[in-house]
Structures are given as structure tokens and as C-alpha cells.
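Sequential numbering from 1 along the given sequence is applied to the chain's residues.
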Amino acid sequence: MSWFQSAASTFFTDEEGHQIVSAIQEAEKNTSGEIRLHLASKSKEDPLTEAWKMFGKLQMHKTAQRNGILIYLSVKDHKFSIVADKGINEVVPAGFWEDIVKTMGGLFKKKEFVEGLQQGIQLIGEKLKEFFPYQADDENELPDEISFS
């Protein structure tokens, strides 16, 4: 059984999962921001509430600059949410996430989930570079792998 085999993870093949993790690693080369993806089979509450709960459970608030970002995807509900820690939300302008959500949502509607995630992750890295550029002494503070529930 591969590391992507679970109730929610059957959504992606191993290769697709590796492509997404690679996108996260590539995006983090541009920024000190920490990006994670969480897949849930189904949300018990609205995806935004679930995303914030998972953000805490994954201890994403424990980065030095409070610059963690979580993409939460509820597979069976076909819903997603992007949440960011206070360090990011204090400095980014209103509407910062809108084009990312629009890009991802458009691709998700076409059932292009891997492409949607890859493009969204790339955009997150590019946009965060302005506010949280990568520094020579940056550490990867959070795991890059996909989490599941």
C-alpha cells in the first residue's frame, strides 16, 4: 500500500501526489511562507471552519513569521478553502487570494484537480515572494507532504 492510500487519498495517484508535493517545494523556493495541502474525504462543517481546525491541528501557526498557508480540499463535497496565518493576513492587501481561488476553482470545475492545485500553489509562492521573500537562512518549518483525514 502506497503512502497515498487512504479514504481521501484515493483521489490522487502516487505520481500526482508527488507532482503536488514537488509544486509545494518549488513554490517554497521563492518565499519563506510555508504551504501545505490537506485532503478530507468530506467536511463535517463548512470547508473554511474545517480548514481553520486543521490549520491548528497541523500546528501551522508555529512558524517563526506566522506565514503558513493551508489549502483544504474536501473531496466528496467538491469544496476547498485557503487559509493563512496572521503574519500573512496582516500584510497582504484585500483580495489577495481572489485570483488564486478563481484559478483553482475554474480548473476544479473542469475536473483538473492536479493542475488546479499546481497552479494555485505556484501562484501562492509567487505572490508571497513580495511579502515573505526567501532568505538564505530560511528553514523548511513545516512538512511538504499532503495530509489526510
Side-chain angles (χ1 to χ4, degrees), residues 1-61 63 66-89 91-134 140-149:
M1 190 175 271
S2 74
W3 63 285
F4 279 100
Q5 297 302 313
S6 76
S9 66
T10 56
F11 195 62
F12 297 121
T13 65
D14 278 355
E15 182 180 335
E16 291 170 333
H18 289 292
Q19 290 171 352
I20 294 165
V21 170
S22 292
I24 291 169
Q25 292 167 338
E26 191 64 30
E28 288 183 356
K29 289 180 182 177
N30 295 319
T31 178
S32 62
E34 295 287 335
I35 304 166
R36 295 217 50 196
L37 169 63
H38 182 81
L39 295 180
S41 290
K42 185 171 174 66
S43 293
K44 296 174 186 163
E45 301 179 58
D46 71 276
L48 185 59
T49 301
E50 290 289 322
W52 280 117
K53 286 182 180 181
M54 190 53 58
F55 191 93
K57 186 174 183 178
L58 294 172
Q59 299 186 353
M60 294 188 63
H61 60 285
T63 61
R66 299 292 302 264
N67 59 355
I69 302 100
L70 178 66
I71 301 169
Y72 176 91
L73 179 60
S74 179
V75 175
K76 291 181 182 174
D77 299 325
H78 303 286
K79 296 181 181 178
F80 74 102
S81 186
I82 301 172
V83 294
D85 208 345
K86 74 181 235 175
I88 293 171
N89 290 328
V91 297
V92 300
F96 184 77
W97 302 105
E98 289 175 12
D99 61 328
I100 297 169
V101 170
K102 185 176 179 179
T103 297
M104 291 174 66
L107 289 164
F108 290 171
K109 285 178 184 175
K110 297 178 191 176
K111 308 259 187 259
E112 297 176 13
F113 297 102
V114 174
E115 183 67 23
L117 288 165
Q118 287 176 310
Q119 284 192 26
I121 291 164
Q122 179 185 358
L123 286 170
I124 289 168
E126 289 170 3
K127 291 183 90 162
L128 287 180
K129 182 179 180 179
E130 179 182 345
F131 299 96
F132 296 94
Y134 183 82
N140 192 8
E141 298 177 86
L142 298 173
D144 297 330
E145 72 263 3
I146 301 168
S147 59
F148 305 100
S149 63

Completion exercise
When every non-hydrogen atom of Gly33 is compared with those of Glu28, the smallest separation belongs to O-CG, 3.6 Å
Problem - Ring centre gap for Phe96 and Phe131 strictly below 6.0 Å - result: yes
Handout entry: Side-chain heavy atoms of Ile82 within contact of Ile100, under 4.5 Å
Key = yes
Practice task
Provide the closest heavy-atom pair for Gly116 versus Met104 in the form atom of the first, atom of the second, distance.
Solution key: O-CG, 3.3 Å
Handout entry: Pair Tyr72 and Phe80, ring centroids less than 6.0 Å apart
Key = no
Fill in the blank from the handout: So CG of Leu73 and CZ of Phe148: to nearest 0.5 Å the spacing works out to 10.5 Å
Problem - Contact summary for Val75 and Leu39, nearest pair of heavy atoms - result: CG2-CD2, 4.4 Å
Practice task
Name the orientation class of the two ring planes belonging to Phe55 and His61 (parallel below 30°, tilted from 30 to 60°, perpendicular beyond 60°).
Solution key: tilted
Problem - Main-chain N/O of Ser43 paired to Ser74 side chain as donor or acceptor, under 3.5 Å - result: yes
Problem - Donor-acceptor contact present, side-chain Gln25 to main-chain Asp144, <3.5 Å - result: no
Exercise for the section: Go through the steps to decide whether Asp85 and Met60 satisfy the test side-chain contact (heavy atoms from CB on, under 4.5 Å), and finish with yes or no. Expected result: CA-CA 8 Å; Asp85 208 345; Met60 294 188 63; 6.0 Å; no
Completion exercise
Those residues at least two apart in sequence (or on a different chain) that pass salt bridge (Lys or Arg N to Asp or Glu O under 4.0 Å) with Glu26 are Lys29
Exercise for the section: Could you pull out the closest heavy-atom pair between Phe113 and Phe12, with the gap in Å? Expected result: CB-CE2, 4.1 Å
Handout entry: Non-hydrogen atoms of Ile35 and Ile24 that approach each other most closely
Key = O-CG2, 3.4 Å
Exercise for the section: Work out which heavy atom in His38 is nearest to a heavy atom in Ser147; give both atom names and the distance. Expected result: ND1-OG, 2.6 Å
Practice task
State the CD-CD1 distance between Glu15 and Ile20, to the nearest 0.5 angstrom.
Solution key: 11.0 Å
Exercise for the section: Report the distance from atom OG of Ser22 to atom CD1 of Ile121, rounding to the nearest 0.5 Å. Expected result: 10.0 Å
Exercise for the section: For residues Ile71 and Ile124, determine if any side-chain heavy atom of one lies less than 4.5 Å from a side-chain heavy atom of the other. Expected result: yes
Handout entry: Any pair counted as side chain to side chain donor-acceptor pair (under 3.5 Å), so long as it reaches residues 116-131, sequence neighbours left out
Key = Asp99-Lys127, Glu115-Gln119, Gln122-Glu126
Problem - Spatial distance of atom OG1 (Thr31) from atom OH (Tyr134) [nearest 0.5 Å] - result: 10.5 Å
Exercise for the section: Might you work through the side-chain contact (heavy atoms from CB on, under 4.5 Å) test for Val83 and Ser81, ending with a clear yes or no? Expected result: CA-CA 7 Å; Val83 294; Ser81 186; 4.1 Å; yes
Exercise for the section: Say whether, by atom type as modelled, one donor and one acceptor occur between the side chain of Asn67 and the main chain of Phe132 under 3.5 angstrom. Expected result: no
Problem - salt bridge (charged side-chain N to carboxylate O under 4.0 Å, His left out) contacts touching residues 31-55 (sequence neighbours left out) - result: Lys42-Asp77, Glu45-Lys53
